[in-house]
Amino acid sequence: MGTHLSAEPKPHWRRIIRLVSNGLTHAIKLAYPRAMIMIRPSRPDEGDRIIEIWRGAVDATHDFLTPEDRLAIDEMVCGFLPHAPLWLAVGENDYPLAFMLIDGGHMEALFVDPARRGTGIGAALVRHGLTLHPAMTTDVNEQNDQAVRFYERMGFKRTGRSPTDEQGRPYPLIHLEYRD
């Protein structure tokens, strides 16, 4: 049996959220009209699917990247992402649909399979992250206006801006922090 999360979602989201515990792991189950989604830690054998989600999401949302930068970033991501401690949103068949990477209260990554964008899976992952880190921060590419609006709708506030990304490429970052 699960316990309810303290932060109830808005009624119009029409989802039921339960925190489910079994031993050392826990997951959040979300009841959607047609699917059950669970949030759980990633496993070592899921690296290929994680990269597939990342590539699809980047291709759908990061059209501002030059082809050269896209390839360089892909190479870097393939070297670390499959081994990173991620939170996954999985479907009823335990198939990964989205992932989130949090490091010390900073959300380093949130990527959703493009076929599942707009279904609330990304928001569910963020809410899960906020249960772990109530003052979570993140950075988002300024050119990714949809992502900027998403985080602001989730309650994140702008705290600054950098003219380049972490590798010094000309992709400005908006720095955000969750404020209830």
Side-chain angles (χ1 to χ4, degrees), residues 1-3 5 7 9 13 15-63 65 69-133 136-141 144 146-147 150-151 154 156 165-167 176 178:
M1 301 296 162
T3 58
L5 294 175
W13 286 339
R15 294 179 203 110
I16 302 164
I17 299 178
R18 291 186 297 140
L19 183 61
V20 180
S21 296
N22 68 0
L24 299 174
T25 64
H26 66 279
I28 296 177
K29 290 188 175 183
L30 296 110
Y32 288 89
R34 289 176 274 158
M36 180 66 74
I37 303 299
M38 188 163 61
I39 296 175
R40 63 161 174 78
S42 60
R43 296 187 300 251
D45 65 333
E46 296 172 315
D48 289 344
R49 176 61 182 144
I50 289 164
I51 293 297
E52 184 180 320
I53 292 168
W54 181 84
R55 286 179 174 152
V58 168
D59 291 345
T61 60
H62 290 63
D63 58 353
L65 295 174
D69 286 342
R70 169 67 174 80
L71 287 173
I73 294 167
D74 188 89
E75 184 177 318
M76 179 184 67
V77 166
C78 287
F80 81 87
L81 194 58
H83 314 288
L86 306 173
W87 287 103
L88 298 183
V90 298
E92 288 181 21
N93 59 358
D94 204 38
Y95 187 68
L97 306 172
F99 69 85
M100 175 178 62
L101 171 61
I102 300 175
D103 183 21
H106 184 78
M107 183 181 7
E108 297 286 349
L110 176 68
F111 290 92
V112 177
D113 183 316
R116 298 301 184 122
R117 285 184 65 211
T119 63
I121 294 172
L125 280 167
V126 170
R127 284 193 299 274
H128 177 69
L130 290 169
T131 65
L132 302 172
H133 305 281
M136 191 165 59
T137 60
T138 194
D139 299 320
V140 63
N141 292 105
N144 191 345
Q146 287 182 341
F150 166 79
Y151 288 115
M154 293 292 303
F156 286 79
D165 67 10
E166 295 91 352
Q167 290 77 37
L176 302 163
Y178 181 77

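Small disclaimer: the values here were computed from a predicted structure and weren't measured. Computation of the quantities below employed the complete heavy-atom set of this structure, encompassing side-chain atoms and omitting hydrogens, waters and symmetry-equivalent molecules.
- Counting only residues at least two apart or on different chains, no salt bridge (charged side-chain N to carboxylate O under 4.0 Å, His left out) pair has a member in residues 77-90.
- Under the ring-ring contact (aromatic ring centres under 6.0 Å, His included) criterion, H133 pairs with no residue, sequence neighbours left out.
- Between the CE atom of M107 and the CH2 atom of W87 there is a distance of 14.0 Å, given to the nearest 0.5 Å.
- By the side chain to side chain donor-acceptor pair (under 3.5 Å) test, R70 pairs with D59, D74, sequence neighbours left out.
- Partners of L71 under the side-chain contact (heavy atoms from CB on, under 4.5 Å) rule, at least two apart in sequence or in another chain, do not exist in this structure.
- Counting all heavy atoms, side chain and backbone alike, I53 lies closest to P96 at CD1-O, 3.7 Å.
- Using modelled atom types, no side-chain atom of R116 and backbone atom of L97 make a donor-acceptor pair closer than 3.5 Å.
- Taking the side chain to side chain donor-acceptor pair (under 3.5 Å) definition, one finds that R43 meets it with E46, D94, sequence neighbours left out.
- The side chain to side chain donor-acceptor pair (under 3.5 Å) contacts involving residues 98-107 comprise H106-T137, H106-D139, where partners must be two or more places apart or lie in separate chains.
- For P82 against G47, the heavy-atom pair with the smallest separation is CB-CA, 3.6 Å.
- For Y178, the side-chain contact (heavy atoms from CB on, under 4.5 Å) criterion is met by L130, F156, D180, not counting sequence neighbours.
- We find the CZ-OG distance between R49 and S42 to be 13.5 Å, quoted to the nearest 0.5 Å.
- A heavy-atom distance below 4.5 Å is found between the side chains of Q146 and R117.
- Judged as a side chain to side chain donor-acceptor pair (under 3.5 Å), and not counting sequence neighbours, E108 has no contacts.
- Within the 4.5 Å cutoff, the side chain of I39 has no heavy atoms near those of the L88 side chain.
- Residues meeting the side-chain contact (heavy atoms from CB on, under 4.5 Å) test with V140, sequence neighbours left out: A147, V148, Y151, I174, L176.
- The 12-atom threshold is exceeded at CG of D45, counting heavy atoms of other residues, nucleotides or ligands nearer than 6.0 Å.
- The line from CG of L65 to CD1 of I73 is 5.0 Å long, rounded to the nearest 0.5 Å.
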Would you please test I37 and V90 for side-chain contact (heavy atoms from CB on, under 4.5 Å) and show each step? CA-CA 6 Å; I37 303 299; V90 298; over 6 Å; no
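- Side-chain contact between L86 and P41 is absent, with no heavy atoms from C-beta onward closer than 4.5 Å.
- Applying the side chain to side chain donor-acceptor pair (under 3.5 Å) rule to Q167 yields the partners R169; only residues at least two apart in sequence or on another chain are considered.
- Looking at R55 and D113, no side-chain N of the basic residue comes within less than 4.0 Å of a carboxylate O on the acidic one, giving no salt bridge.
- Expressed to the nearest 0.5 Å, how far CG of L81 lies from CD1 of I50 amounts to 6.0 Å.
- Listed by chain and number, the residues in a side-chain contact (heavy atoms from CB on, under 4.5 Å) with A109 are F99, L101, F111 (sequence neighbours excluded).
- Distance check: M100 CE to M136 CE gives 6.0 Å after rounding to the nearest 0.5 Å.
- Side-chain atoms of V77 and I51, non-hydrogen and from C-beta on, do get closer than 4.5 Å to each other.
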